[in-house]
J.: 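Okay, handing you the structure first.
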Amino acid sequence: MPPKTRFGMVWAQSRNGIIGDAGSMPWHLPEDLIHFQRITRGHPIIMGRRTWESLPPRLRPLKERTSVVVTSHEEVAEEVLEKGGFVVSSTADAVNVAREQPGAEEIWVIGGGKIYAALLPLADTLVITRIDVDLEGDTKAPIFDENWQQLTQAPDSGWFESMSGLRYRFELWERKGA
Ligand SMILES: NC(=O)c1ccc[n+]([C@@H]2O[C@H](COP(=O)([O-])OP(=O)(O)OC[C@H]3O[C@@H](n4cnc5c(N)ncnc54)[C@H](OP(=O)(O)O)[C@@H]3O)[C@@H](O)[C@H]2O)c1
């Protein structure tokens with residue numbers, strides 16, 4: 001049997017479930033960016049058009065992984081293609097294209113809110129950074145239910161403290177029976 005693909009989602013959220021505001025993340029947490037790189041590097045990543053646009057132009061596409069961008073926006077599609085990424089018009093196509101890319105033993109959905117909500121039913125792994133702060137924002141993390149179990153967290157108890165002063169922790173969740 002071919003090895004099973006890990007289909008994961010990775011995001012950072014505030015205590016009140018906010019992941020974004022006005023097209024970016026409403027916090028500065030450099031340790032989380034390093035964590036994100038470590039999780040996703042070498043694997044295809046799936047994102048929505050607004051998340052692609054939230055990346056600084058000089059950093060997109062994120063290096064050492066294939067970007068699959070869901071969009072109907074022509075100009076954005078042109079930029080993604082020019083820079084070597086893939087453009088698709090549905091989340092189903094995104095998954096099919098991602099499966100064909102290098103490193104596809106793991107596929108990571110990197111946002112944003114619309115894409116997480118659409119692809120949560122397919123996910124078997126969630127990597128969540130909890131940030132110990134309440135914030136205003138226009139984009140929320142997906143709601144997941146009792147079909148998920150937390151496997152680990154770092155640190156084992158309490159929080160890391162960021163150089164930015166924020167407290168945060170990393171959690172790994174798995175779909176029960178996955
Ligand atoms: N905290 C975190 O970890 C994290 C991670 C990622 C993003 N974010 C934040 O989240 C926000 C962006 O999220 P968002 O929900 O506004 O946008 P998004 O999911 O990144 O992108 C939405 C766009 O993607 C396309 N799309 C999404 N779902 C689709 C579907 N099922 N079928 C077809 N097309 C689909 C559409 O593009 P077209 O309109 O071009 O057709 C849609 O307008 C930003 O603030 C960003 O900074 C936070």
Side-chain angles (χ1 to χ4, degrees), residues 3-15 17-20 23-48 50-70 80 83-86 91 94-95 97-113 115-116 119-120 122-133 135 137 139 141-142 144 148-175 178:
K4 193 175 175 301
T5 299
R6 172 185 262 198
F7 195 85
M9 297 193 163
V10 54
W11 73 78
Q13 69 169 80
S14 66
R15 271 197 308 248
I18 294 297
I19 64 164
S24 66
M25 287 189 272
W27 51 71
H28 174 63
L29 193 55
E31 296 88 345
D32 185 51
L33 300 179
I34 294 165
H35 168 75
F36 171 84
Q37 302 293 347
R38 198 177 306 129
I39 298 284
T40 60
R41 187 174 285 133
H43 304 292
I45 50 177
I46 295 174
M47 75 196 85
R50 293 196 64 215
T51 294
W52 169 268
E53 290 175 322
S54 76
L55 301 169
R58 70 190 159 80
L59 293 186
R60 60 196 197 215
L62 296 174
K63 63 180 183 192
E64 297 168 50
R65 67 218 99 162
T66 306
S67 291
V68 181
V69 181
V70 189
V80 174
K83 292 183 164 182
F86 289 83
T91 49
V95 175
V97 169
R99 282 188 197 285
E100 301 299 315
Q101 305 310 313
E105 67 281 358
E106 293 181 22
I107 295 172
W108 289 96
V109 177
I110 68 156
I115 293 286
Y116 291 134
L119 285 173
L120 183 63
L122 290 188
D124 50 47
T125 303
L126 307 177
V127 173
I128 303 172
T129 303
R130 302 255 181 205
I131 306 173
D132 189 26
V133 64
L135 289 166
T139 312
F144 55 99
W148 291 86
Q149 60 191 343
Q150 189 177 342
L151 296 186
T152 59
Q153 73 172 46
D156 291 336
S157 66
W159 302 89
F160 290 123
E161 187 151 339
S162 167
M163 57 166 57
S164 69
L166 289 167
R167 299 195 313 167
Y168 65 98
R169 67 166 177 259
F170 301 124
E171 297 179 356
L172 174 64
W173 291 72
E174 189 179 74
R175 187 184 291 281

J.: My understanding is that only residues two or more places apart in sequence, or in another chain, count here; which of them pass side-chain hydrogen bond (donor to acceptor under 3.5 Å, both in side chains) with Thr40?
T.: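 Testing Thr40 for side-chain hydrogen bond (donor to acceptor under 3.5 Å, both in side chains), a comparison that skips the adjacent residues, returns Arg65.
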J.: When you compare the side chain of Glu105 with that of Thr5, does any pair of heavy atoms fall below 4.5 Å?
T.: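 No - every pair of side-chain heavy atoms lies 4.5 Å or more apart.
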J.: Of all residues at least two apart in sequence or in a different chain, which pass the salt bridge (Lys or Arg N to Asp or Glu O under 4.0 Å) check with Asp124?
T.: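 Scan of Asp124 (salt bridge (Lys or Arg N to Asp or Glu O under 4.0 Å), adjacent residues dropped) gives Lys4.
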J.: Do Val95 and Leu119 come close enough that some side-chain heavy atom pair is under 4.5 Å?
T.: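 Answer yes - side chains close enough.
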J.: Look only at the side chain of Glu31 and the backbone of Met163, and say whether a donor-acceptor pair between them is shorter than 3.5 Å.
T.: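 Yes; at least one donor-acceptor contact below 3.5 Å.
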J.: Going from CD1 on Ile45 to OG1 on Thr51, what distance comes out if it is rounded to the nearest 0.5 angstrom?
T.: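 Those atoms lie 10.0 Å apart.
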J.: Apply side chain to side chain contact (heavy atoms under 4.5 Å, CB included) to Leu135 and list each qualifying residue two or more places apart in sequence or on a separate chain.
T.: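 Residues passing side chain to side chain contact (heavy atoms under 4.5 Å, CB included) with Leu135: Ser14, Pro26, Trp27, Val133.
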J.: Are any non-hydrogen side-chain atoms of Asp32 and Trp11 less than 4.5 angstrom apart?
T.: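 The answer is no; the side chains never approach within 4.5 Å.
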J.: To the nearest 0.5 Å, how far apart are CD1 in Ile46 and CZ in Phe86?
T.: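 The CD1 atom of Ile46 sits 12.0 Å away from the CZ atom of Phe86.
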J.: Backbone N or O of His28 within a donor-acceptor pair of the Ser164 side chain at under 3.5 Å?
T.: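 Looks like yes, one N/O pair under 3.5 Å.
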J.: Side chains of Thr125 and Trp108: does their closest heavy-atom pair fall under 4.5 Å?
T.: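 Side-chain contact under 4.5 Å: yes.
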J.: Give every residue pair that meets the salt bridge (Lys or Arg N to Asp or Glu O under 4.0 Å) criterion with at least one member in residues 35-47, sequence neighbours excluded.
T.: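 Of all non-adjacent pairs touching residues 35-47, those that pass salt bridge (Lys or Arg N to Asp or Glu O under 4.0 Å) are Arg41-Glu64.
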J.: Measure the spacing between CD of Gln150 and CG of Leu126 and express it to the nearest 0.5 Å.
T.: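 Answer for the CD-CG pair, Gln150 versus Leu126, is 10.5 Å.
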J.: My understanding is that only residues two or more places apart in sequence, or in another chain, count here; which of them pass ring pair (Phe, Tyr, Trp, His ring centres under 6.0 Å) with Tyr168?
T.: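 Partners of Tyr168 under the ring pair (Phe, Tyr, Trp, His ring centres under 6.0 Å) test: Phe160, Phe170.
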J.: Hey, could you give me each pair passing salt bridge (Lys or Arg N to Asp or Glu O under 4.0 Å) that has a residue in residues 150-171? Not counting sequence neighbours.
T.: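 For residues 150-171, and leaving out neighbouring residues, the salt bridge (Lys or Arg N to Asp or Glu O under 4.0 Å) pairs sorted by first residue read Arg130-Glu171, Asp132-Arg167, Arg169-Glu171.
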J.: Using a 4.5 Å cut-off on heavy atoms from C-beta on, say whether the side chain of Val109 contacts that of Ile115.
T.: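 When only atoms from C-beta onward are counted, Val109 and Ile115 do touch, with a gap below 4.5 Å.
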J.: Looking at CZ of Phe144 and CZ of Arg175, how far apart are the two atoms once the value is rounded to the nearest 0.5 Å?
T.: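 Going from CZ on Phe144 over to CZ on Arg175, the span is 11.0 Å.
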J.: Do Val80 and Pro61 make a side-chain contact, defined as non-hydrogen atoms from C-beta onward lying under 4.5 Å apart?
T.: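 No. Closest side-chain heavy atoms not under 4.5 Å.
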J.: To the nearest 0.5 Å, what is the distance between CD1 on Ile128 and CD1 on Ile19?
T.: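 Reported to 0.5 Å precision, the distance equals 11.0 Å.
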J.: Side-chain contact test, heavy atoms from C-beta onward, threshold under 4.5 Å: evaluate it for Ile131 versus Leu29 and give yes or no.
T.: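 Ile131 reaches Leu29 side chain to side chain.
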J.: Would you say that Ser67 contacts Met47 through its side chain, given a criterion of any heavy-atom pair below 4.5 Å between the two side chains?
T.: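 Yes, at least one pair of side-chain atoms sits under 4.5 Å.
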J.: Short question: side chain of His43, backbone of Ile107 - any donor-acceptor pair under 3.5 Å?
T.: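 Not at all, since once roles are kept as given, no pair shorter than 3.5 Å links the two residues.
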J.: Looking only at heavy atoms, what is the nearest atom pair of Met9 and Ala123, with distance?
T.: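 Smallest heavy-atom distance, with atoms named: CG-CB, 4.0 Å.
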